[in-house]
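Take a look at the structure below.
Convention: sequence-line order gives letters A, B, ...; per-chain numbering from 1. Please read these numbers as outputs of a predicted model, since none were measured by experiment.
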Amino acid sequence: MHLIDCPWCGPRDEAEFAYRGDATVTRPAPDAGIDAFYDYVFTRANPRGWHVEWWHHAAGCRQHVKVVRHTMTHAIAATGRATDILEVPAA
Amino acid sequence: MTGRAFRIAGGGHIDRSRTVRFRFDGKEHSGHPGDTLASALLAAGVRLVGRSFKYHRPRGIYSAGPEEPNALVEIGTGARRTPNTRMTTAEIHDGLVAESQNRWPSLRFDAMAATSVAARLLPAGFYYKTFMWPASFWEKVYEPMIRRAAGLGRAATEPDPDHYEAAHAHCDVLVVGAGAAGLAAARAAGEAGARVLLAEQDFLLGGGLLLEPAHEAWRGETLAAIIALPNVTVMPRTTVFGYYDHNMLGALERVTDHLATAPDHVPRQRSWTIRAREVVLATGADERLVAFPDNDRPGVMLAGAARAYVARFGVVPGRRVVLFTNNDAAYATADTLLAAGADSATIVDFRPFGTAAAAARARGIEVLPGSEVIGVDGGTSLYAVQVRRRGTWGSTQVPADLLCVSGGYSPAVHLASQARTPLAWDARIAAFVPGEAARQRSAGGARGVFGIGAAAHDGAAAGRAAAIATGCRVGSEFVLPGRNGDADPTVMPCWEIAAPGKAFVDLQNDVTAADIRLARQEGYEHIEHAKRYTTHTMATDQGKIGGLVGAAVLAEARGLPVEQVGIPTYRPYVTPVTWGAVAAHHVGKAFAPIRRTMLHDWHVRNGADFMEAGLWLRPGFYPQKGESPWDSVLREARAVRRAVGICDVSTLGKIDVQGKDAGVFLDRLYMNTFSTLAIGKARYGIMLREDGMVFDDGTTTRLAEDHFFVTTTTANAARVMEHMDLYAQTVWPDLDVQYCSVTDQWASMSIAGPKARSTVARAVAGLDLSNEGLPFMGVADATVAGCPVRVFRISFSGELAYEIATPAGYALAVWEAVLAAGRADGIVPYGVEALGLLRIEKGHVAGSELNGHTTARDLGLDRMAKKRGDFVGRVLAERPGLVDPGRPTFVGIRSVDPKRQVRQGAHLVEPGSFKSLGWVSSVTRSVELGDAWIGLALLTDGKARIGSRLVAAFPLKDEAVEVEIVSPHFIDPENARVRA
Amino acid sequence: MTRYSGLRLLGHALSGHARWPRAWRAPDPKPSYDVVIIGGGGHGLASAYYLAKEHGITNVAVVEKGPIGLGNTGRNTTIVRSNYLFPENNHFYEWSLKLWEGLEQDLNFNVMMSQRGVLNLFHSDSQRAASARRGNSMRLNGIDAELLDREQVKAMVPLLDYDNARFPVFGGLLQRRGGTARHDAVAWGFARAADARGVDIIQHCEVTGIRREGGRVTGVETTRGFIGARKVGIAVAGNTSRVAAMAGLRLPIESHVLQAFVTEGLKPLVDMVVTFGAGHFYISQSDKGGLVFGGGLDGYNSYAQRGSLPTVEHVWAAGVAMMPCLSRLRVLRQWGGVMDMTMDGSPLICRTPVEGLYLNGGWCYGGFKATPGSGWCFAHTIANDAPHRFNAAMTIERFREGRAIDERGAGPYPWAQ
Amino acid sequence: MSAPEPAVPAPRSPLAGVATTGRYGAAGGTPLAIAEIPAAIVQLAARRGRAGDLARAVSGAFGLDLPPPGRAASARGIDAIWIQPDAWLLLAPRGAEGALAAEVKRAAGDAGSVVDQSHGKTLMSLAGAAARRVMAKGCRLDLDAPAFGPGRAAVTQIAQIGCVVHQRDAIPTYGLVVPSSLAIPFFEWLTSSAAEFGYEVG
Ligand SMILES: Cc1cc2nc3c(=O)[nH]c(=O)nc-3n(C[C@H](O)[C@H](O)[C@H](O)COP(=O)(O)OP(=O)(O)OC[C@H]3O[C@@H](n4cnc5c(N)ncnc54)[C@H](O)[C@@H]3O)c2cc1C
Ligand SMILES: NC(=O)c1ccc[n+]([C@@H]2O[C@H](COP(=O)([O-])OP(=O)(O)OC[C@H]3O[C@@H](n4cnc5c(N)ncnc54)[C@H](O)[C@@H]3O)[C@@H](O)[C@H]2O)c1
Ligand SMILES: Cc1cc2nc3c(=O)[nH]c(=O)nc-3n(C[C@H](O)[C@H](O)[C@H](O)COP(=O)(O)O)c2cc1C
Ligand SMILES: [Zn+2]
């Protein structure tokens with residue numbers, strides 16, 4: 001069971017969070033067109049390895065925590081606030 | 001056998017001063033506190049305790065712990081009957097009732113044992129090759145037969161009367177297992193100051209120490225020292241069953257199973273989640289069987305178990321003993337049995353003559369070195385063992401009533417492996433041991449460090465290291481047992497004895513060495529294929545004592561070393577876990593919490609029939625005496641259309657939005673524009689998902705320049721908040737906006753009907769209710785019965801309506817005041833059903849139309865979209881498939897014969913056709929249209945079909961009802977009433 | 001191929017079972033094939049079988065990185081049904097169910113397909129309506145479905161909680177032809193039958209690259225060297241994104257964990273498949289007697305075949321809430337599988353932008369029941385370079401075009417699908 | 001037409017009829033104390049970039065230093081509990097309807113958004129030597145020192161219900177704030193968890 005270090009609340013149990021997917025995609029400019037929005041909403045790198053993703057601390061401070069997590073080992077390399085840029089380990 | 005007691009006079013860890021009575025298969029037996037069901041029955045001379053899974057072979061007690069494959073029974077009666085309970089861990093108590101299982105009509109005469117005769121026809125995987133002809137026989141004949149024969153115990157069919165709990169614990173160091181290693185680890189970590197949890201599955205702490213009178217003093221001292229430490233918590237009867245991510249372990253505590261009567265308010269069992277900074281696995285080692293013919297007969301037992309029955313339970317499981325071993329450690333069993341009064345002991349040592357054999361001979365014990373057991377004689381009990389010198393033919397018969405077997409010990413690496421710690425092969429002990437892992441270490445037997453002294457030293461070092469890893473300073477040194485008494489742990493691998501007969505590698509599932517070889521021969525040669533083809537290691541003991549043996553047989557057949565073949569993946573649970581313990585509090589009515597509005601009690605008192613809406617309970621309707629549900633729904637709705645009704649709408653989601661950019665924020669979330677909304681005005685809005693489908697709807701009110709009050713549907717309230725969080729925090733973090741749920745702060749009630757104004761006017765103070773004072777979509781503050789309220793002139797029913805919101809604590813006062821005020825107008829409370837009827841007549845969409853499949857265009861709501869500016873879903877709503885004119889669109893339907901019911905979920909088809917053109921999303925009987933059945937639907941070419949007729953097909957009930965396609969706005973399409 | 005039968009079993013019993021042949025060969029890869037299928041799960045093996053059987057294409061290899069059938073095929077809860085809402089799905093799954101119904105005889109391997117019935121409970125009027133819409137859609141498409149009321153459900157499954165339930169049972173949607181099959185046997189049966197038709201099943205051979213020349217596929221790089229192919233089919237559930245990426249494709253897929261559980265063996269207790277409508281839970285009993293059950297996704301991206309405790313807690317609670325007698329039973333084992341979740345919960349069986357490269361994936365948590373149908377349609381698509389009408393809608397482009405097949409209406413949130 | 005203005009009636013508790021005073025559960029020993037505490041509850045959030053201004057305003061008006069994450073602070077009968085970045089719950093003994101919210105709004109001015117939650121949230125307390133063990137039956141937080149202690153607070157979930165946990169003293173006494181619509185199931189969890197130790201509803 002993941003232990004996620006919320007930048008505000010500290011280490012909290014996975015049970016308090018709602019996963020909200022890939023944090024590397026950014027919402028395109030409003031006039032970017034269907035293809036850009038298609039990419040944003042639908043396509044995913046879906047790596048086996050380090051993944052930068054959103055975990056919404058739904059039962060805590062209600063913040064979207066940015067998490068660098070390994071999708072094979074479930075190890076967490078870093079957590080941060082929504083606007084933080086986090087370092088992703090090499091492999 | 002008769003006459004001589006199997007219970008010895010002294011020693012061990014049982015309380016001979018007290019007697020406990022229990023029943024097994026209808027017969028009363030007695031034992032002592034400290035006994036397990038297994039030890040008590042052995043003491044009573046019972047040898048046959050169960051039947052195997054496939055061949056129904058007679059089986060006896062094989063082990064003295066949770067690794068037991070054979071001795072499974074149903075414990076308890078009625079609703080408390082618990083199948084597949086291991087006798088070897090079940091503590092006896094007065095009144096305990098146990099029954100053997102998987103046999104018919106009785107344990108001794110099991111008719112199914114006939115399968116044993118046909119065993120040759122039932123090799124591994126036989127069912128994949130047969131039962132295919134005739135095809136129809138599989139389900140009717142073969143499968144029911146297999147199912148009845150298979151399975152083990154019988155489940156109770158009544159609800160479980162006991163209650164369970166879940167609990168959460170945190171610690172610096174979790175020590176799993178309280179043998180020499182675990183006790184030393186817990187003490188070392190505890191004395192270093194770490195917060196320690198020590199979990200032990202047994203009811204006594206000590207593990208292997210419990211068999212060693214010489215170390216009893218150390219066990220006592222160490223336990224006392226541990227218990228004295230305030231920072232150490234000891235949890236007996238607690239099995240750590242699983243090792244999950246980030247050092248979270250699951251454990252099961254058996255709280256009252258061992259008691260004849262459980263105290264009140266205490267759960268039967270408790271499941272724990274334990275978050276540990278460091279983990280020490282001191283889980284010991286499991287003794288292995290050896291695969292030789294008939295190694296499953298009652299009277300065959302693991303050597304360590306036999307020793308445990310004597311040393312811990314004071315029971316001699318046999319008098320004429322043969323011990324078959326490939327290691328020195330098992331020799332102690334012979335000594336222990338002889339010391340306890342066994343008549344004879346013969347040691348059959350697989351290895352050439354060595355020092356242990358010499359020493360045993362010197363003690364007067366017969367040793368047959370370089371020998372092996374090739375079979376046993378006996379049926380439901382044992383009378384002799386067939387022994388042969390290795391490499392020779394022919395054998396000698398050694399009379400025996402007990403055959404103790406030791407194939408060496410495999411470290412209990414279950415938990416370590418679950419945590420994905422790599423396993424390494426240790427040739428010395430011919431077993432896997434855990435490799436390196438972060439924040440976790442194994443100690444003692446669990447990593448192949450055998451022997452009390454060695455294990456204790458290893459445990460102390462591990463406990464200390466774990467404590468240091470959590471930032472503690474090294475604690476004091478304490479006395480540890482010496483290593484001199486430790487046996488040499490080296491084994492000579494001995495997996496299978498080649499001789500004719502059934503040699504089992506998995507006792508419970510009746511898997512033989514031959515089955516494993518057959519699997520390989522047919523191409524199922526990978527260990528995981530062999531496991532699945534033969535079911536090896538898939539029984540309730542998960543192959544604890546024979547798993548590696550089967551792997552070794554496979555390795556031999558493949559010509560590979562065992563370590564290359566490996567063992568099947570370890571998964572939770574180390575031992576099976578009670579379902580109810582993990583479900584804990586959240587069962588029955590508490591499965592999910594019930595949300596109640598502040599008017600709930602009023603609804604109950606007034607006879608409401610409730611319905612679920614997410615977690616909420618809402619009044620569906622308020623039946624009066626003699627009324628059918630439809631009678632009351634129609635009566636309530638009619639009251640709204642003709643006079644006035646009041647409905648509790650407190651469950652709607654409500655969100656308070658503030659900030660300089662609140663308007664901009666809402667503009668971007670909704671299709672509509674809110675930044676232009678006048679203060680004191682409300683507007684209906686539609687929210688899309690980013691993929692362009694409709695997400696939610698509701699009204700939003702502007703309370704001040706920088707202050708809005710948003711409502712959502714009941715179902716989506718939480719999701720809308722999450723949606724806001726996502727966009728506010730990750731997409732537009734620069735906006736100045738603060739919002740929070742105020743769903744529970746405000747109770748709200750809708751007062752609707754032509755007489756709503758009259759009622760509301762009587763109830764509220766300080767408000768001009770004229771069209772000028774409070775126009776349609778206007779909002780104003782006032783009071784009702786002295787309580788502050790906010791009055792919204794909004795309508796869902798299509799009638800003149802007001803929604804009165806009040807801080808929830810005043811809901812009842814306001815509600816009752818409005819009812820009183822409306823009495824003269826004939827006010828009637830109405831429920832969600834009437835509300836639905838009214839909105840269908842009005843053609844308003846609700847949950848069944850906003851089901852995630854529809855676009856605003858489909859629903860005819862696209863005109864609400866703002867012409868300029870960004871909003872969520874705008875771009876993708878324009879994808880070709882979503883603007884395809886062929887998509888079903890929103891229409892009304894009306895039964896041609898008004899008496900004929902149309903049902904929700906019907907499909908619209910051309911007469912005689914099976915092609916669905918659309919579906920009926922909502923239906924009701926109409927009050928406005930003389931009780932006729934009407935509904936809403938999504939229909940291909942909907943607009944164009946208005947005026948035509950189709951069939952509402954409901955083949956599930958063989959119904960086809962002719963309907964007319966109409967506008968979805970059955971009443972007042974001009975909206976005159978709401979503006980009245 | 002030695003045919004399997006009771007008589008044959010008897011014959012072999014007399015010779016001590018010493019002469020049973022391998023169920024499938026263990027060939028070395030040839031330099032090239034007409035078709036290489038990546039992935040030796042049920043889908044890959046079925047595809048190869050139907051390529052050989054239906055299209056006469058026998059120069060086919062199935063390359064599998066480990067032993068066959070241990071991916072999701074070897075770890076699923078084995079429910080087979082065709083009770084879908086949208087015609088794009090229900091035609092396809094119904095075809096698959098039809099193939100299941102004759103599969104034993106077709107493969108000469110008892111896959112233990114057991115049409116015990118699948119019952120989906122509902123607990124409110126709105127759930128009843130959604131079930132009715134689905135059931136009616138099935139019936140209009142010629143698929144069996146029955147709508148049961150509470151009393152009918154009670155007669156059929158008396159063990160449910162009818163007295164104290166938080167969410168009372170209103171009724172259920174029943175598909176009697178649904179049921180379960182033995183997961184492992186499906187892989188083995190297809191492997192054996194495909195092998196008998198000449199297909200090479202190459203185990204322990206991982207595809208590490210997809211070679212293309214001029215926009216066309218020419219073969220696959222593997223841990224056992226390059227294998228040439230005129231056509232390559234991907235059927236690697238759980239790894240679809242990774243393998244597709246080898247050909248430069250980025251897909252609308254996320255990989256998530258789904259867990260499953262089995263109890264200790266029991267005498268017959270639950271004789272059909274029952275799914276709870278008020279929480280994530282479903283259950284059936286295996287032929288061996290274990291209650292096999294599961295629930296929803298853990299809900300985060302993962303390639304680890306193991307899950308987390310919050311899901312366990314919910315699933316078990318839902319189980320006892322639905323069927324209170326389960327409380328005293330013990331659960332034996334839990335495991336997980338990697339689900340390639342598409343953004344609409346429906347699969348992909350289609351051509352790709354790369355010529356000669358075909359995709360079968362995105363099965364979410366429901367691809368076991370699809371195994372024969374998926375193999376059949378994929379074989380058709382590969383052989384004809386065009387989809388069959390059963391899988392014509394299962395394209396990648398549907399997302400771009402706004403033609404998602406979103407049964408649940410959950411939207412592009414894989415963890416919610 | 002309109003009725004004369006009566007006095008504001010006392011608001012009704014969501015636990016009315018459920019939290020009945022008395023002693024329950026196991027007998028013997030000192031029971032745990034469980035109570036509902038009528039409170040005025042206000043949610044206060046800083047406007048974007050105005051956290052400093054807001055802190056100064058609140059400190060000036062109430063003598064209260066808005067606490068950092070994970071903490072609570074008290075002054076002049078008001079408890080402030082951090083609940084979200086730049087957002088707090090303020091709790092005070094129940095007074096006139098809306099009074100606390102109005103006072104806070106007056107102090108905060110345009111530096112803060114203020115929402116009255118006095119009816120939307122319900123405050124309960126649990127006190128006694130075994131309180132931590134009761135909490136462990138639903139709360140996944142580590143409530144032991146040094147992870148938690150007097151003055152610490154956290155937003156979490158207990159028995160599927162969102163809950164603000166505030167440790168008020170060393171007994172320990174916990175203040176527990178839950179949504180009012182879920183106060184009954186929360187109370188049911190609390191009392192069933194406390195039954196093993198015996199409890200008194202005050
Ligand atoms: C817990 C659980 C419960 C489920 N329950 C059901 C259910 O009840 N009913 C139902 O219909 N479905 C169910 N499913 C879904 C179902 O199991 C899958 O959709 C289905 O088995 C997929 O089959 P497949 O052949 O596509 O995949 P798999 O069986 O996973 O086969 C894919 C194969 O590809 C191989 N592979 C991957 N990468 C490579 C590579 N680079 N090179 C070579 N080989 C590679 C893998 O090793 C694997 O063997 C469940 C799934 C899980 C996990
Ligand atoms: N050849 C040998 O000399 C040899 C071989 C094997 C074992 N041993 C034994 O090794 C012991 C070494 O001591 P040790 O402390 O390492 O082992 P141990 O067997 O004495 O203790 C292990 C303890 O862990 C408990 N346990 C195991 N799994 C558990 C779980 N999942 N949850 C909770 N409790 C669990 C067991 O009940 C047991 O009490 C000696 O006592 C000796 O008897 C010796
Ligand atoms: C339908 C089904 C029934 C199962 N029954 C059992 C069982 O009776 N005993 C058992 O140990 N495992 C059983 N398993 C689980 C497997 O042992 C195994 O855990 C699962 O297939 C996943 O493989 P893995 O654990 O090797 O990763 C069953 C699995 C499935 C899919
Ligand atoms: Zn947080």
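Both the backbone and the side chain of B:Tyr573 come within less than 4.5 Å of a heavy atom of chain C. Contacts between B:Ala514 and chain C at a heavy-atom distance below 4.5 Å are absent for every atom of the residue. Of the two parts of B:Gln542, only the side chain, counted from C-beta on, holds a non-hydrogen atom closer than 4.5 Å to a non-hydrogen atom of chain C. Interface remark: B:Ala149 contributes backbone atoms only to the contact with chain C (heavy atom separation under 4.5 Å). Within the 4.5 angstrom heavy-atom criterion, atoms from both the backbone and the side chain of B:Thr569 approach chain C. Heavy-atom distances place the side chain of C:Leu159, and not its backbone, under 4.5 Å from chain B. In this structure, chain B has heavy atoms under 4.5 Å from both the backbone and the side chain of C:Ser137.
Taking the six-membered ring for Trp, B:Phe591 and C:Phe276 have ring centres closer than 6.0 Å. Checked against the 6.0 Å centroid threshold, C:Phe261 and B:Trp579 do not count as a close aromatic pair.
B:Phe914 CZ: 12 or fewer foreign heavy atoms inside a 6.0 Å radius.
The contact list for residues 329-336 of chain C toward chain B, using heavy atoms and a distance under 4.5 Å, reads C:Leu329, C:Arg330, C:Val331, C:Leu332, C:Arg333, C:Gln334, C:Trp335, C:Gly336 by residue number.
Residues C:Leu70 and B:His529 have side chains in contact (heavy-atom distance under 4.5 Å, counting atoms from C-beta outward).
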